[in-house]
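Written out below as structure tokens is the structure these notes cover.
Reckoned from all heavy atoms, side chains included, excluding hydrogens, waters and symmetry mates.
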Amino acid sequence: WSVASSADGTFLVAADRGGQLYTSDDSGVTWTARESNRDWISVASSKDGTRLVAAVYGGQLYTSTDDGINWMPRESNRGWFSVASSADGTRLVAFLGSTLGNLDRAVVLFEQTLDLNPSMLEAFERINKILTGQKAWRPLERTFRKMLHRVAGKGNAELEYNLWHGLGIIYRDRLSETASAIEAFRMASAAKPEDTTERQILAELYEATGDLDAAIEQVAGLADRHMAAGDRVGLVVVAGVLAASLLAEGLLEELQLTLCPRLLGGPHGWLASDTLLPASMTEGWRLEEQRPLEQDELLLRYRRRGRD
């Protein structure tokens, strides 16, 4: 099946490969069969749903200007693979299956498709797959940037978040451009403030650059979210990241630990297992206070010797 929709989701068109085309003018509640049984492979719609285009693999292209009631054959029989439409339906793009054998040409055509219709995410996914397979990281970075420009301010916060996050991954893992990665992950965090993933990544990146103040700010924000959600396990993990950073820099003078009957185990220690500490931070701590708390929890407070 291939399905396309008007911008408001009221008008739909669906292609049954080997069957007919189907249209709906009530958001899919009822459907009407259109045209003949053919090897329909792809459909696309204008923003208002009145102008449609459909492709038959090994056959012709078909267009409609009346919500899919009547269809007009276009072009000659070819190995059509996919179609796309501009918002007003006056500009159309059709791909031949043979085009996909020329990957560079395919990328150009898919980019043109997205210029016509940014909501056709299948084209973006195909570019992503092609460039990733070629390990063409700089062109892939430009593709993400262009896609962000196309969808900016269009009300799709989830898509913007995913694009900024993906761009951050490219900068961090593929191009090793930490400053650009930080910018991208900050934008992802702004697009989806409730997601803690970006703060965690940003804390690690800031720590890697030596900007401990910024790292601590991100970790503190994480801790606030975990505390507000009542997620004590998450809070322990976040506190461990912060404590490890401060200990590694020799900046902690006092520790307050609590022992409780809940055994978290696994990765939920208060310090990450791969934390490397200077020798001066691994000894010389003096017990200052021990005090029982609620729910059988015990507070232990230590202070570094020589820091009185």
With sequence neighbours left out, what residues match Asp88 under salt bridge (charged side-chain N to carboxylate O under 4.0 Å, His left out)?
none
For the pair Asp211 and Thr209, evaluate side chain to side chain donor-acceptor pair (under 3.5 Å) and give the outcome as yes or no after the intermediate values.
CA-CA 6 Å; Asp211 190 346; Thr209 62; 5.3 Å; no
Step-by-step side chain to side chain contact (heavy atoms under 4.5 Å, CB included) determination, Arg126 to Ser82
CA-CA 12 Å; Arg126 289 183 178 276; Ser82 183; over 6 Å; no
If hydrophobic clusters are built from ILVMFWY residues whose side chains come within less than 4.5 Å, do Val53 and Val56 share one?
no
Begin with the C-alpha distance, continue with both residues' side-chain angles, and end with the deciding distance and a verdict on side chain to side chain contact (heavy atoms under 4.5 Å, CB included) for Ser42 and Val83.
CA-CA 6 Å; Ser42 180; Val83 291; 3.4 Å; yes
I want to check something: taking the side chain as every heavy atom from C-beta on, are Ile170 and Leu175 in contact at a cut-off of under 4.5 Å?
yes
Return the minimal non-hydrogen interatomic distance between Val151 and Glu160, and the atom names on each side.
O-OE2, 3.7 Å
Donor-acceptor pair, side chain of Lys154 and main chain of Arg150, under 3.5 angstrom:
yes
Hey, what do you get for CD1 (Ile201) to CZ (Arg172), rounding to the nearest 0.5 Å?
5.0 Å
If you draw a 6.0 Å radius around NZ in Lys47, do more than 12 non-hydrogen atoms from other residues or ligands fall strictly inside?
no
What is the distance from atom CG of Leu163 to atom CG of Leu148, rounded to the nearest 0.5 Å?
4.5 Å
Shortest non-hydrogen contact between Thr113 and Phe95, atoms and distance
OG1-CZ, 2.8 Å
Rounded to the nearest 0.5 Å, what separates atom CG in Leu159 from atom CH2 in Trp164?
12.0 Å
For the residue pair Leu92 and Thr63, establish whether any side-chain heavy-atom pair is separated by less than 4.5 Å.
yes
Measuring from Gln20:CD to Thr32:OG1, what's the distance to the nearest 0.5 Å?
11.0 Å
hydrophobic_cluster_shared for Leu167 and Tyr206, side chain cutoff 4.5 Å:
no
Partner set under salt bridge (charged side-chain N to carboxylate O under 4.0 Å, His left out) for Asp16, not counting sequence neighbours
none
Interatomic spacing from CG in Leu52 to CG in Leu21 - rounded to 0.5 Å
9.0 Å
Would you check if Arg74 and Gln60 make a side-chain contact, meaning some heavy-atom pair closer than 4.5 Å?
no
Where do Ser85 and Ala44 come nearest, in terms of heavy atoms and distance?
N-CB, 3.9 Å
Salt bridge or not between Arg138 and Glu141? Use side-chain N to carboxylate O under 4.0 Å.
yes
Quick one: closest heavy-atom pair of Asn37 and Gly18, and the distance?
CB-O, 3.8 Å
Is the backbone of Ala4 close enough, under 3.5 Å, to the side chain of Ser45 for a donor and an acceptor to pair up by distance?
no
Are Leu298 and Leu287 grouped together when hydrophobic residues (ILVMFWY) are joined by side-chain heavy atoms under 4.5 angstrom apart?
yes
Counting distance only, does the side-chain N/O of Ser46 pair as donor-acceptor with the main-chain N or O of Gly89 below 3.5 Å?
no
Taking side-chain hydrogen bond (donor to acceptor under 3.5 Å, both in side chains) as the test, write out the residues that go with Ser176, two or more places apart.
none
For the backbone of Val43 and the side chain of Ser2, can you confirm whether one donor and one acceptor N or O come within less than 3.5 Å of each other?
yes
Neighbour count >12 (heavy atoms, 6.0 Å) for atom CZ, Arg186:
no
Is the backbone N or O of Asn70 less than 3.5 Å from a side-chain atom of Ser64, with the two atoms forming a donor-acceptor pair by type?
yes
Of Trp40, Trp71, Trp80, which is the lone residue that meets ring-ring contact (aromatic ring centres under 6.0 Å, His included) with Tyr62?
Trp40
Ring of Tyr57, cation from Arg17 - is the NZ or CZ under 6.0 Å from the centre and inside 45° of the axis?
yes
Trace of the side chain to side chain contact (heavy atoms under 4.5 Å, CB included) decision for Asp104 with Gln134:
CA-CA 10 Å; Asp104 292 339; Gln134 296 177 333; 3.7 Å; yes
For Thr23 and Arg34, run side chain to side chain donor-acceptor pair (under 3.5 Å): C-alpha distance rounded to whole Å, both residues' side-chain angles, the deciding distance at 0.1 Å, then the answer.
CA-CA 7 Å; Thr23 60; Arg34 308 289 187 184; 3.0 Å; yes
Criterion side chain to side chain donor-acceptor pair (under 3.5 Å) on Glu198 and Tyr161, from CA distance to verdict:
CA-CA 10 Å; Glu198 310 311 308; Tyr161 165 76; 2.8 Å; yes
Examine Leu131 and Phe144 and state if one hydrophobic cluster contains both, with Ile, Leu, Val, Met, Phe, Trp and Tyr joined whenever side-chain heavy atoms are less than 4.5 Å apart.
yes
Could you report the tightest heavy-atom contact between Ala215 and Ala203, atom names first, then the distance?
CB-O, 3.6 Å
Same apolar cluster: Met120 and Phe81, side chain cutoff 4.5 Å
no
Candidate pair Lys146 and Glu111, rule side chain to side chain contact (heavy atoms under 4.5 Å, CB included), full reasoning
CA-CA 9 Å; Lys146 283 189 284 188; Glu111 288 282 12; 3.4 Å; yes
If I take atom CD from residue Gln112 and atom CG from residue Asn117, how far apart are they, to the nearest 0.5 angstrom?
14.0 Å
Taking everything shown except Glu289 itself, do over 12 heavy atoms lie less than 6.0 Å from its CD?
yes
Between Phe185 and Tyr171, ring centroids under 6.0 Å
no
For the residue pair Asp25 and Phe11, what are the closest heavy atoms and their distance?
CB-CE2, 3.5 Å
Check whether Asn128 reaches the backbone of Phe124 with its side chain - one donor and one acceptor, N or O, closer than 3.5 Å.
no
